[in-house]
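Structure first, then comments.
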Amino acid sequence: MPKAAAQKASALSATARPFTYQSRSLHCDGVSLDSLAEAYGTPTYVYSERQISERFQLFNTAFSSGAAERPHTICYAVKANSSLAILRLLGQQGAGFDIVSGGELERVRKAHKPALQRVVFSGVGKQIWEIDAALKANILLFNVESEAELYLLASRAEALGVRARFALRVNPDVFADTHPYISTGLREHKFGIDITLARAIYRKAKKLKSLDPAGVSVHIGSQIRSVGPFAAATVRVLSLIADLRKDGHDIRYLDAGGGLGIDYHDSLVDSHFNPEQQVHNYAAALSKVLKGVDAHLLLEPGRFIVAQAGALLARVLFVKQNGSKTFVITDAGMNDLIRPALYQAHHEILPVRQPRAGAPELTADIVGPVCESGDFFARDRTLANVKPGDLVLVLDAGAYGMSLTSNYNTRPRPPEALVTNGKAELIRRRETLKDLFGPELLPAG
Ligand code: LLP
């Protein structure tokens, strides 16, 4: 293929959405959602392997050539979607991982053991067993979030006879416009260490032989759409790195965190979100401030890689009227996807059967069966006039969907299906009631 045509084809595939109507019915990369509901029941999470890989490669290639080229490792944020099959897929493509618990460390080990050496460990409350497990696994970097944690890390490394590579996660006091629950880069947030105090702490760390001050890290929040705040935070980190190098520290890593946002309002019919452009802008903004800086760049994207690759397939149970309001009640609830309840997050919702032009619509709250008024996916949403038994698809649910599920109301978690090369495969089965009762103990008598 000529170069220009190849570039065009790859640009198209990188922006092609996995969920599309074919013969008036929704498909995921060629697999009909009707057939998936038939095979696996509802609710079910459905993911496109193609899009997960493409999104990861967008980040990878952005820093592999051209002006933004530099040594880098893309450490996928496991918390966004921690399914073993997805971790393996990314690990095999060379991804590193950003973890926040000993549990996530075990997931990486199970999914793709060689990737342990590309793990960065973040989180404000690391426990001894978690630190020990990560030290024994010889992970790449601990992102340390307090002075007390640093001394704990030093003593555990000493006890185990190893040296711990660490970065202080600094709090740059940069504002990023996102939901207050997922903004992290201001001084009043619990995350990181005040950047003005960091230099003194690195000096103290230098005296501890079990510590290797190897980097500086920053993460300002999640679902950040404009790239300016990322550059602003990086500028502050770079000035700290310059000071640290003057102090004789061998700083090799700059971890710029995750947080790049997607467009949850983008619709299938009128799509204008261009992920390739977004990653390009992000890489350009970072590389502009990183010009001439010699450091291995670490990034921790989560949502951007998996959110739009996944959707939650559900069936309408009832349509009911209360006063002036109409409610579409689905078999998926807030325990299956909590983002709307927790962050008033917007998710597009589509009927699996495509309505004819001009077909009647309804305006309703799309809700689940859970006994909370906060159990909704959308409020006052206009959509096709769905009936009980119809399938609907909640879009952009691949990130912080399954990983935030619970068993609230004693509801089994949904299964997950991964579509690869036009074929679907279960990567997690539906929980059974037996699974739910497993850990419980009934006192005798
Ligand atoms: N690195 C660190 C240290 C983080 O705390 C996070 C996310 C990430 C990376 C990945 O951020 P991402 O690229 O996915 O934005 N449950 C919320 C999002 C919570 C984000 C927590 N930290 C939601 O559903 O919107």
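We count ligands from 1, going down the list as the structure has it; atoms in each ligand are counted the same way.
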(Q) For Gln308 versus Asp263, what's the shortest heavy-atom pair and its separation? (A) NE2-O, 3.8 Å
Q) Cation over ring, Arg379 on Phe376, under 6.0 Å and within 45°? A) yes
Q | Between His346 and Tyr264, ring centroids under 6.0 Å | A | no
Q. Above 12 or not: heavy atoms from other molecules or residues under 6.0 Å from CZ of Phe318?
A. no
Note down each nitrogen or oxygen pair, ligand 1 side and protein side, whose separation is under 3.5 Å; give only atom names and the distance to 0.1 Å.
from     : atom 1 : to     : atom 2 : distance (Å)
ligand 1 : 1 (N)  : Asp98  : OD2    : 3.1
ligand 1 : 1 (N)  : Glu300 : OE1    : 2.6
ligand 1 : 5 (O)  : Lys79  : NZ     : 3.4
ligand 1 : 13 (O) : Gly259 : N      : 2.9
ligand 1 : 13 (O) : Gly302 : N      : 2.9
ligand 1 : 14 (O) : Arg303 : N      : 2.8
ligand 1 : 14 (O) : Tyr400 : OH     : 2.6
ligand 1 : 15 (O) : Ser222 : OG     : 2.4
ligand 1 : 16 (N) : Tyr343 : OH     : 2.6
ligand 1 : 24 (O) : Arg339 : NE     : 2.6
ligand 1 : 25 (O) : Arg303 : NH1    : 3.2
ligand 1 : 25 (O) : Arg303 : NH2    : 2.9
ligand 1 : 25 (O) : Arg339 : NE     : 3.4
ligand 1 : 25 (O) : Arg339 : NH2    : 2.9

Q. Can you name the salt bridge (Lys or Arg N to Asp or Glu O under 4.0 Å) partners of Arg381, sequence neighbours left out?
A. none
Q. Leu33 pairs by side chain to side chain contact (heavy atoms under 4.5 Å, CB included) with which of Thr42, Thr44, Leu391, Val46?
A. Val46
